[in-house]
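Below is one structure, written out as structure tokens, with a few remarks after it.
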Amino acid sequence: MAGTLHAMSTITPARALLLLVSGLVCLTTASGALIGALYGGARSALIAAVCAGAGGALGTLFFRRRALAHFATARRQAGARGYAEGIAHGVLLHVAAYEAAVFPRTGPAGVTPEERAARRTLAYRTAALDEVPQPVREAAADALAVLDAADRTGAEEALAQLAVAVRQEYARP
């Protein structure tokens with residue numbers, strides 16, 4: 001049983017393409033054989049099957065490289081997009097952690113000045129990363145400025161705007 005789990009390979013885009021075009025070539029060959037058999041008997045079936053199969057195989061070879069290049073481009077774009085979304089969420093997380101240090105729920109004695117300074121530094125550093133999308137960077141700057149001023153109402157609004165900016169990174173096609 002353990003051997004069968006290792007024998008199964010994952011479906012990569014290249015493997016999926018290979019399976020798809022193999023099936024299409026087989027289908028084309030069979031269709032050629034049926035059409036040839038209907039119109040001219042066994043010999044015509046063989047000739048039509050070989051021609052259809054060869055045409056399908058040549059078409060597959062012609063378009064394979066282009067399809068694999070498209071898959072590679074899509075994979076790179078998805079990776080870059082996922083990274084930007086992750087960074088945007090990290091900014092939101094660190095700004096929210098700084099907010100919790102500025103307005104602790106356990107009272108002013110709940111957070112040490114060192115912890116507050118550390119959270120502030122981390123929030124600023126994360127928001128300043130080059131990979132942070134511009135709308136998120138701007139919303140984070142606004143939220144950090146309001147938190148530095150210790151304006152609770154403004155901080156709630158600014159954090160809501162930051163959350164909206166981060167959410168819009170997901171909504172972008």
Hydrophobic cluster identity match, Tyr83 and Val132, side-chain contacts under 4.5 Å: yes

So, for Ser44 and Gly36, which heavy atoms are closest and what is the spacing to 0.1 Å? CB-O, 3.4 Å

Taking only residues two or more places apart in sequence or in another chain, which ones pass ring pair (Phe, Tyr, Trp, His ring centres under 6.0 Å) with His89? Tyr170

Applying side chain to side chain donor-acceptor pair (under 3.5 Å), can you list everything that pairs with Glu115, at least two apart in sequence or on another chain? Arg119

Check whether the side chains of Glu138 and Gln134 place a donor and an acceptor atom closer than 3.5 Å, and report yes or no. yes

For residues 48-76, pull every pair meeting salt bridge (Lys or Arg N to Asp or Glu O under 4.0 Å), keeping only residues two or more places apart or in separate chains. none

Which atoms form the tightest heavy-atom contact between Leu147 and Phe103, and what is the distance? CD2-CE1, 3.8 Å

To the closest 0.5 Å, what do you measure between OG1 (Thr126) and CD1 (Ile87)? 8.0 Å

Which residues, ordered by chain and number, are linked to Leu27 in its hydrophobic cluster, where ILVMFWY side chains connect at heavy-atom gaps below 4.5 Å, directly or through other members? none

Passes side-chain contact (heavy atoms from CB on, under 4.5 Å), Val166 versus Val91? Steps please. CA-CA 9 Å; Val166 169; Val91 169; 5.9 Å; no

Looking at every heavy atom in both Ala143 and Ala158, which two are closest together, and how far apart are they? CA-CB, 3.5 Å

Closest approach of Val136 to Ala165 (non-hydrogen atoms, all atoms of both residues): CG2-O, 3.8 Å

Note: Ala52 and Gly32 closest approach over all heavy atoms is CB-CA, 4.0 Å

Walk me through it: do Tyr98 and Leu122 pass the test side-chain contact (heavy atoms from CB on, under 4.5 Å)? CA-CA 8 Å; Tyr98 177 44; Leu122 190 55; over 6 Å; no

Tyr124 vs Asp148, side-chain contact (heavy atoms from CB on, under 4.5 Å): CA-CA, chis, key distance, verdict: CA-CA 11 Å; Tyr124 270 92; Asp148 286 343; 2.4 Å; yes

Clusters formed by hydrophobic residues whose side-chain heavy atoms approach within less than 4.5 Å: which one holds Leu58, and what are its other members? none

Those residues that, when tested against Thr153, pass side chain to side chain donor-acceptor pair (under 3.5 Å) (two or more places apart): none

